[in-house]
2 protein chains.
Amino acid sequence: MNYELLLREHHLKVTPQRLGILSLMVDAGHISVEDLFAQIKQEFSSISLATLYKNINAMLHNALIKEIKVPHMKPKYEVTKPPHAHLLCQGCNEFMDIDINVNALVDEASKKSHYQLLDSSIVLCGYCEKCQKQSV
Amino acid sequence: MNYELLLREHHLKVTPQRLGILSLMVDAGHISVEDLFAQIKQEFSSISLATLYKNINAMLHNALIKEIKVPHMKPKYEVTKPPHAHLLCQGCNEFMDIDINVNALVDEASKKSHYQLLDSSIVLCGYCEKCQKQSV
DNA sequence: TACTAAGGAATAATTATTATCCTTTAGTAA
DNA sequence: TTACTAAAGGATAATAATTATTCCTTAGTA
């Protein structure tokens with residue numbers, strides 16, 4: 001993926017820090033501010049937490065990334081992808097993407113409301129294969 | 001609704017403050033800590049914000065209420081109801097419940113993953129009838 | 001009625017996020 | 001290239017949200 005181009009397409013200045021943050025986000029899939037900061041520090045030891053927040057907000061504003069908020073968890077961030085749902089494992093607390101038919105859901109909802117629907121956020125909770133075996 | 005019984009069923013001590021908080025939550029449908037505090041203050045002028053947080057956490061812990069978290073909004077709380085989705089109006093920022101077929105969604109997701117699914121959280125964003133007319 | 005564990009009030013402490021100030025740098029155009 | 005300007009970065013202060021602590025009060029129970 002060409003991160004430099006991706007930033008330009010979203011009208012964001014290209015800086016080494018920003019490229020690093022974006023690249024880490026892509027690699028991680030879903031990552032918290034805390035973890036992202038720990039990782040970006042390894043590349044830019046003097047980077048400030050405020051810089052990270054400023055970048056996250058800039059990228060959110062341009063919809064380059066999305067915020068995922070679920071109960072009892074710190075917010076996580078992911079690079080924007082086609083509509084999909086999230087599976088959240090209650091054991092290891094990891095997210096996994098799943099491409100269910102989001103449009104069908106939106107269609108069904110449309111029929112039951114007068115809302116003009118624009119976007120959706122779907123989180124399913126359960127146990128992943130690994131955590132299923134271990135405990136429960 | 002018998003709030004006293006509801007609290008007892010969830011192994012929570014019955015106190016006047018707690019009854020007040022629960023009753024306000026039911027009436028509001030979906031409410032933030034801030035709004036809840038403003039309202040409960042009218043009934044118990046000396047109530048502390050810490051007390052409110054402790055009650056919210058106690059009720060969350062016993063699944064008497066649920067937390068709703070979505071990007072760019074303060075968390076809201078609702079008394080636990082049968083599985084349903086939320087419609088969030090981007091104009092007035094109000095939630096509305098909608099009873100779409102959540103089980104069908106979970107079934108579909110089950111087929112596409114090895115997860116053992118337990119719970120789901122679905123938020124659809126758009127404009128309600130009123131806000132559709134006004135702007136957009 | 002009395003006892004005990006939990007709840008409430010007040011407030012301090014912690015955590016997460018944003019604002020501010022000043023320095024540095026990316027983007028642009030001469 | 002060079003020079004200019006707006007935006008970005010770093011350091012840190014400030015704010016907001018939530019949790020912890022202390023002590024006093026009350027609900028549940030024997």
Side-chain angles (χ1 to χ4, degrees), chain A residues 2-25 31-62 64-77, chain B residues 2-25 31-62 64-77:
Chain A
N2 185 339
Y3 299 126
E4 199 171 318
L5 182 59
L6 195 54
L7 287 174
R8 288 191 206 284
E9 282 171 355
H10 286 81
H11 312 292
L12 290 168
K13 250 188 184 180
V14 177
T15 70
Q17 290 90 337
R18 191 163 280 171
L19 283 169
I21 291 168
L22 181 55
S23 155
L24 284 175
M25 276 196 178
I31 194 165
S32 67
V33 171
E34 198 180 353
D35 290 349
L36 193 46
F37 189 57
Q39 293 188 27
I40 194 70
K41 270 234 155 185
Q42 302 188 358
E43 198 177 341
F44 300 92
S45 58
S46 73
I47 199 171
S48 165
L49 189 51
T51 297
L52 177 54
Y53 273 106
K54 276 189 276 191
N55 274 289
I56 288 175
N57 284 330
M59 293 196 237
L60 279 175
H61 187 258
N62 293 284
L64 173 49
I65 63 173
K66 276 196 126 186
E67 195 174 35
I68 311 169
K69 276 183 161 182
V70 298
H72 317 303
M73 279 189 87
K74 292 177 185 173
K76 301 224 172 185
Y77 301 88
Chain B
N2 186 339
Y3 298 126
E4 200 170 319
L5 183 59
L6 196 55
L7 287 173
R8 287 191 207 286
E9 282 172 356
H10 286 83
H11 313 293
L12 290 167
K13 251 189 182 178
V14 176
T15 70
Q17 290 89 338
R18 193 163 279 170
L19 282 168
I21 291 168
L22 180 54
S23 155
L24 284 175
M25 276 197 179
I31 193 166
S32 67
V33 171
E34 197 179 355
D35 291 349
L36 194 46
F37 189 57
Q39 293 188 27
I40 195 69
K41 270 236 154 184
Q42 301 188 356
E43 197 177 342
F44 301 92
S45 59
S46 74
I47 199 172
S48 164
L49 189 52
T51 297
L52 177 55
Y53 272 107
K54 274 190 277 191
N55 274 290
I56 288 175
N57 283 329
M59 294 196 238
L60 278 175
H61 187 258
N62 293 284
L64 172 49
I65 64 173
K66 276 197 127 185
E67 195 174 35
I68 311 169
K69 276 184 162 181
V70 297
H72 317 302
M73 278 189 86
K74 293 176 184 175
K76 300 225 170 184
Y77 301 89

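Every chain is numbered from 1 and lettered A, B, ... according to where its sequence line falls, protein lines coming before strand lines. Atom set for the values below is all heavy atoms of this structure, side chains included, hydrogens, waters and symmetry mates excluded. Just so we're clear, the structure is a prediction, and the values are computed from it rather than from any experiment.
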Indicate yes or no for a side-chain donor-acceptor contact from B:K69 to the backbone of A:P75 under 3.5 Å, with no hydrogens or angles considered.
no

Tell me: CD1 of B:I40 to P of C:dG7, nearest whole Å?
16 Å

For the pair made of CD in B:E43 and P in C:dA9, what is the distance, rounded to whole Å?
12 Å

Output the single nucleotide from D:dG28, D:dT19, C:dT25 whose closest atom is nearest the side chain of B:N57.
D:dT19

Expressed as a whole number of angstroms, how long is the span from A:K74:NZ to C:dT17:C1'?
13 Å

5'-most contact on DNA chain D: B:E34 or A:I47, nearest heavy atom basis?
A:I47

Separation between CD1 of A:I56 and OG1 of A:T51, rounded to the nearest 0.5 Å
11.0 Å

Heavy atoms under 4.0 Å, any strand shown: does A:L49 hit a base, just sugar-phosphate, or nothing?
base

As a quick check of understanding, evaluate side chain to side chain contact (heavy atoms under 4.5 Å, CB included) for A:Y77 and A:K66, giving each step before the final call.
CA-CA 6 Å; A:Y77 301 88; A:K66 276 196 126 186; over 6 Å; no

For B:T51, report the nucleic acid contact type (base, sugar-phosphate, nothing); a contact means any heavy atom under 4.0 Å.
base

Does atom NE2 of B:H11 have more than 12 heavy-atom neighbours, drawn from other residues, nucleotides or ligands, at distances under 6.0 Å?
no

OP1 or OP2 of C:dT25 versus the side-chain N and O atoms of A:Q17: is any pair under 4.0 Å?
no

Would you please confirm or rule out a distance under 4.0 Å between OP1 or OP2 of C:dA9 and any side-chain N or O of B:S46?
yes

Roughly, in whole Å, what's the span from CZ in B:F37 to C1' in D:dA17?
13 Å

When we call it a touch if two heavy atoms are under 4.0 Å apart, what does B:A58 touch: a base, just sugar-phosphate, or nothing?
nothing

Output for pair (B:L6 CG, B:S23 OG), nearest 0.5 Å, gives 11.5 Å

Side chain of B:V14: nearest nucleotide among D:dG28, D:dG9, C:dT25?
D:dG28

Could you pick out which residue, B:P16 or B:A50, lies toward the 5' side of DNA chain C when each is mapped onto its nearest nucleotide?
B:P16

Starting from C1' on D:dA8, measure out to OH on A:Y53 and report it in whole angstrom.
18 Å

How many Å lie between NE2 on B:H11 and P on C:dG7, as a whole number?
13 Å

Proximal nucleotide (of C:dA9, D:dG10, D:dA8) relative to the A:S48 side chain
D:dG10

Under 4.0 Å between any heavy atoms, over every strand shown, what does B:K54 touch: base, sugar-phosphate, or nothing? Just pick one.
base

Think B:R8 has a side-chain N or O under 4.0 angstrom from the OP1 or OP2 of D:dA27?
no

Is there a side-chain contact between B:I47 and B:F37 in this structure, where contact means two heavy atoms from C-beta onward sitting under 4.5 Å apart?
yes

Could you check how far NE2 of A:H72 sits from C1' of C:dT15, rounded to whole Å?
18 Å

Expressed in angstrom and rounded to an integer, what is the separation of B:I56 atom CD1 from D:dT19 atom C1'?
13 Å

Could you pick out which residue, B:N55 or A:P75, lies toward the 5' side of DNA chain C when each is mapped onto its nearest nucleotide?
B:N55

